[in-house]
Protein chains: 2
Amino acid sequence: MARATVQDVARTAGVSVGTVSRVLNGSPAVSESSKEKVTAAIHQLNYRPLASARDLRRDRTMRILAIAKNLNSPVISEAFRGVSDAGALSGYVSLIAPTAGDPEREQQLVDMLRNGSVDGLVMFSPTMPDEDIGQMAEQQCVVQVCEIADADAAFGVAIDDRQAAVDITRHLIATGARRLAMIGNRAARSGRLREEGFRLAAAEAGMPADQILFVDGDFDFHTGRRHAEELLAATPRPDAVFCGNDTVAAGCVRAITDAGLRVPEDIAVAGFDDSVQAEMCVPELTTIRQPAYSMGRLAFEALLERMTTAGPHRRGRMFLPHELVVRDSTNS
Amino acid sequence: MARATVQDVARTAGVSVGTVSRVLNGSPAVSESSKEKVTAAIHQLNYRPLASARDLRRDRTMRILAIAKNLNSPVISEAFRGVSDAGALSGYVSLIAPTAGDPEREQQLVDMLRNGSVDGLVMFSPTMPDEDIGQMAEQQCVVQVCEIADADAAFGVAIDDRQAAVDITRHLIATGARRLAMIGNRAARSGRLREEGFRLAAAEAGMPADQILFVDGDFDFHTGRRHAEELLAATPRPDAVFCGNDTVAAGCVRAITDAGLRVPEDIAVAGFDDSVQAEMCVPELTTIRQPAYSMGRLAFEALLERMTTAGPHRRGRMFLPHELVVRDSTNS
DNA sequence: CTGTTAGCGCGTTCAG
DNA sequence: CTGAACGCGCTAACAG
């Protein structure tokens with residue numbers, strides 16, 4: 001049997017399509033008896049309003065799309081949960097899609113906003129240049145989470161990555177670190193900010209910039225492990241390593257341990273994100289906790305504002321407080 | 001400025017909407033000069049066809065939706081990558097959404113197929129009863145990956161979880177295990193199958209069923225850790241633990257190590273999935289590798305068949321080969 | 001309270 | 001090769 005339409009429902013219920021539509025949309029202007037007949041017919045025909053027809057008519061979809069580089073990141077999936085829960089309260093369905101860092105795929109997903117496949121966009125780890133995001137944010141319903149582009153028109157919520165890096169680096173220094181190193185990720189904006197903070201805190205403590213080791217890589221375990229091996233070979237050997245995230249830190253700890261050295265006695269290690277990796281690691285990682293869920297909720301609120309109200313919208317960055325979590329991978 | 005339509009494009013290009021539409025859809029029956037004028041107008045007006053209107057007219061969306069309990073699972077995200085890549089080759093955009101195990105949210109997402117928001121569904125970890133899936137698979141474009149319902153009309157691709165569990169349990173036994181234990185997850189179908197295989201292999205080796213320890217929990221680190229602590233308190237203490245997945249195994253290893261025992265000398269531990277956790281763990285985990293990416297690709301192929309051809313479709317289960325990966329968490 | 005009707009923007013006949 | 005016109009399924013405005 002083919003798909004039922006409002007027409008079919010109206011016919012079987014013995015009413016007009018207008019009445020069916022009113023029942024469907026919860027209009028109060030329907031008699032009890034009509035409502036019953038329509039409800040029965042809907043049930044009998046197993047009818048569902050066709051999304052595309054409804055969307056076309058209403059000029060909105062009640063769907064939003066989140067775009068991220070990958071879905072494995074605990075921070076992203078937690079933030080998306082916040083987006084999703086907040087969205088559900090306002091009747092929105094939240095979808096997500098990974099780009100794998102491919103600009104073409106990202107563009108295709110972003111186009112879903114432009115062509116009206118979704119009402120709004122939440123961008124987690126954009127590949128496109130800042131200007132493009134700024135231009136998009138000028139008129140479109142887009143918000144950013146975690147990674148915020150340098151664009152005036154855009155709105156984004158994140159933690160202050162630079163300050164968080166300052167905080168955790170200060171902790172390393174306060175607990176005895178003299179020769180600092182960092183395994184970072186310059187491909188990510190947050191990675192660059194963390195590097196900035198790291199260097200700021202080091203300079204503040206009077207450490208000569210040319211004695212600071214820095215290696216660049218991805219946010220993954222193998223990166224951490226391999227790059228830590230490089231650092232171990234340096235002379236003088238660093239006595240503290242700040243890693244761009246917990247997974248990298250876990251790789252770093254692994255390399256140090258495999259080399260027969262102790263964490264934190266020989267080398268202290270700090271991570272970032274307070275993901276489950278931080279607790280899985282031995283020793284457990286000192287790290288920075290991000291309020292990811294709240295970030296997601298707040299991002300949706302801002303997006304909702306853009307989707308439902310005209311005129312100028314909230315702009316700029318919203319920073320949420322982070323928290324230094326001290327565990328056993330650093331000295332006390 | 002308001003959104004441009006085909007009308008606007010036609011007007012600026014000095015042609016009819018039909019011609020615009022033909023250009024848009026790559027029809028060969030358009031003169032070169034018309035095509036140029038239309039292309040220029042599209043560019044000038046920054047025009048994009050409205051998805052809902054196009055979907056309504058064409059009666060398809062070229063979008064598919066994957067539904068999973070959560071997005072953090074490495075197997076799921078890898079399988080989704082397979083779906084996504086295969087889908088892209090056929091022009092489909094793949095989206096994914098987590099249910100967090102909430103049946104209501106799952107239903108809402110499944111409804112997106114029924115109301116035509118997407119053309120097809122890939123189900124990873126269904127909450128709904130098997131009959132519902134079977135009924136849905138009867139007429140709808142749905143395929144399953146990893147977790148396959150007991151329903152004739154459905155199609156799904158996975159590994160043979162039971163056999164994989166048999167394989168890895170045999171390995172434990174062959175390398176000296178005498179008192180087996182398992183930390184499983186009966187909430188998941190795959191978890192139940194792995195338990196079956198585990199018990200099968202144990203029985204095959206002549207181990208009395210009442211001497212086999214089993215504890216039930218989620219597929220996460222804390223479950224593994226907490227339940228391993230229980231197992232350590234048992235008398236006699238198990239000398240091998242098969243865990244429902246790698247993350248649980250990592251928790252298990254952690255509890256054993258914290259208790260001052262050695263893995264694998266005192267207690268061997270086996271995981272499942274060959275996720276990155278297996279390599280992060282110390283010692284690295286013996287585990288079962290799933291061809292997740294291929295599973296995703298094949299699932300999409302089957303889905304495509306359902307979406308594009310009428311009549312009866314492929315049914316039943318498709319099992320892909322798994323692989324026992326022996327590392328240091330078990331004896332040799 | 002209800003029925004009728006006019007589009008939403010697009011793809012696709014069917015004439016020419 | 002092109003234009004005109006219809007209708008996809010639905011909601012909302014209007015008339016009763």
Side-chain angles (χ1 to χ4, degrees), chain A residues 1-39 41-42 45-63 91 111-119, chain B residues 1-39 41-42 45-63 91 111-119:
Chain A
M1 76 191 177
R3 179 179 187 94
T5 73
V6 269
Q7 300 284 355
D8 301 324
V9 175
R11 202 175 310 120
T12 26
V15 298
S16 74
V17 294
T19 301
V20 174
S21 178
R22 279 184 282 265
V23 172
L24 245 29
N25 296 289
S27 160
V30 183
S31 74
E32 203 54 46
S33 81
S34 288
K35 192 186 297 190
E36 277 170 24
K37 285 188 289 185
V38 170
T39 309
I42 286 174
L45 297 176
N46 196 18
Y47 168 78
R48 300 282 147 169
L50 187 70
S52 53
R54 172 176 273 191
D55 294 347
L56 173 60
R57 189 55 231 245
R58 290 189 175 164
D59 198 27
R60 68 201 165 121
T61 65
M62 298 307 281
R63 274 171 274 158
D111 276 344
M112 291 184 66
L113 178 62
R114 295 194 49 203
N115 72 22
S117 289
V118 297
D119 295 340
Chain B
M1 76 191 179
R3 185 182 182 88
T5 73
V6 267
Q7 300 284 355
D8 301 324
V9 176
R11 203 175 310 120
T12 26
V15 298
S16 74
V17 294
T19 301
V20 174
S21 180
R22 280 184 280 265
V23 172
L24 246 28
N25 297 289
S27 161
V30 183
S31 74
E32 203 54 44
S33 80
S34 289
K35 192 185 295 188
E36 277 170 23
K37 285 188 289 184
V38 170
T39 309
I42 286 175
L45 297 176
N46 196 17
Y47 167 79
R48 300 283 147 167
L50 188 70
S52 53
R54 171 176 272 191
D55 294 346
L56 173 60
R57 190 53 231 250
R58 290 190 174 163
D59 199 27
R60 68 201 165 120
T61 66
M62 298 307 280
R63 273 171 271 153
D111 277 344
M112 290 184 66
L113 178 62
R114 295 194 48 202
N115 72 22
S117 289
V118 295
D119 295 341

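Nothing here was measured: the structure is a model prediction, and the numbers come from that model. Naming: A, B, ... by sequence-line order, numbering from 1 per chain.
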**Study point:** Heavy-atom side-chain proximity of B:Arg48 to B:Arg3 below 4.5 angstrom
**Key:** yes
Practice item. Give the first and the last nucleotide of DNA chain D, reading 5' to 3', that has any atom under 4.0 Å from a heavy atom of chain A. Key: D:dG9 to D:dA13
Study note, to complete from the structure: Judged by nearest nucleotide, the residue sitting upstream toward the 5' end of DNA chain C, A:Pro28 or A:Gly18, is A:Pro28
Review point. Under a 4.5 Å cut-off applied to non-hydrogen side-chain atoms, are A:Val6 and A:Leu24 in contact?
Key: yes
**Study point:** Within-4.5 Å side-chain heavy-atom neighbours: B:Asp8 and B:Thr5
**Key:** yes
Review point. Using a cut-off of 4.0 Å on non-hydrogen atoms, how would the nucleic acid contact of B:Val30 be classed: base, sugar-phosphate, or nothing?
Key: sugar-phosphate
Review point. Taking 5' to 3' order, which nucleotide of DNA chain C is first and which is last to have an atom within less than 4.0 Å of a heavy atom in chain B?
Key: C:dG9 to C:dT13
Practice item. Would you classify B:Ser34 as touching base, sugar-phosphate or nothing, given that sugar-phosphate means primed atoms plus P, OP1 and OP2, and contacts are heavy atoms under 4.0 Å? Key: sugar-phosphate
Point to revise | Polar contact flag, side-chain donor to acceptor under 3.5 angstrom, A:Thr61-A:Asp55 | key: no
Check your understanding: Are B:Arg58 and B:Asn25 close enough that some pair of their side-chain heavy atoms sits under 4.5 Å apart?
Key -> yes
Exercise for review: In sequence, state the C-alpha distance, the side-chain angles, and the governing distance for B:Thr19 and B:Arg22, and then conclude on side-chain contact (heavy atoms from CB on, under 4.5 Å).
Suggested key: CA-CA 5 Å; B:Thr19 301; B:Arg22 280 184 280 265; 3.7 Å; yes
Review point. Does some side-chain heavy atom of A:Asn46 sit less than 4.5 Å from a side-chain heavy atom of B:Arg114?
Key: yes
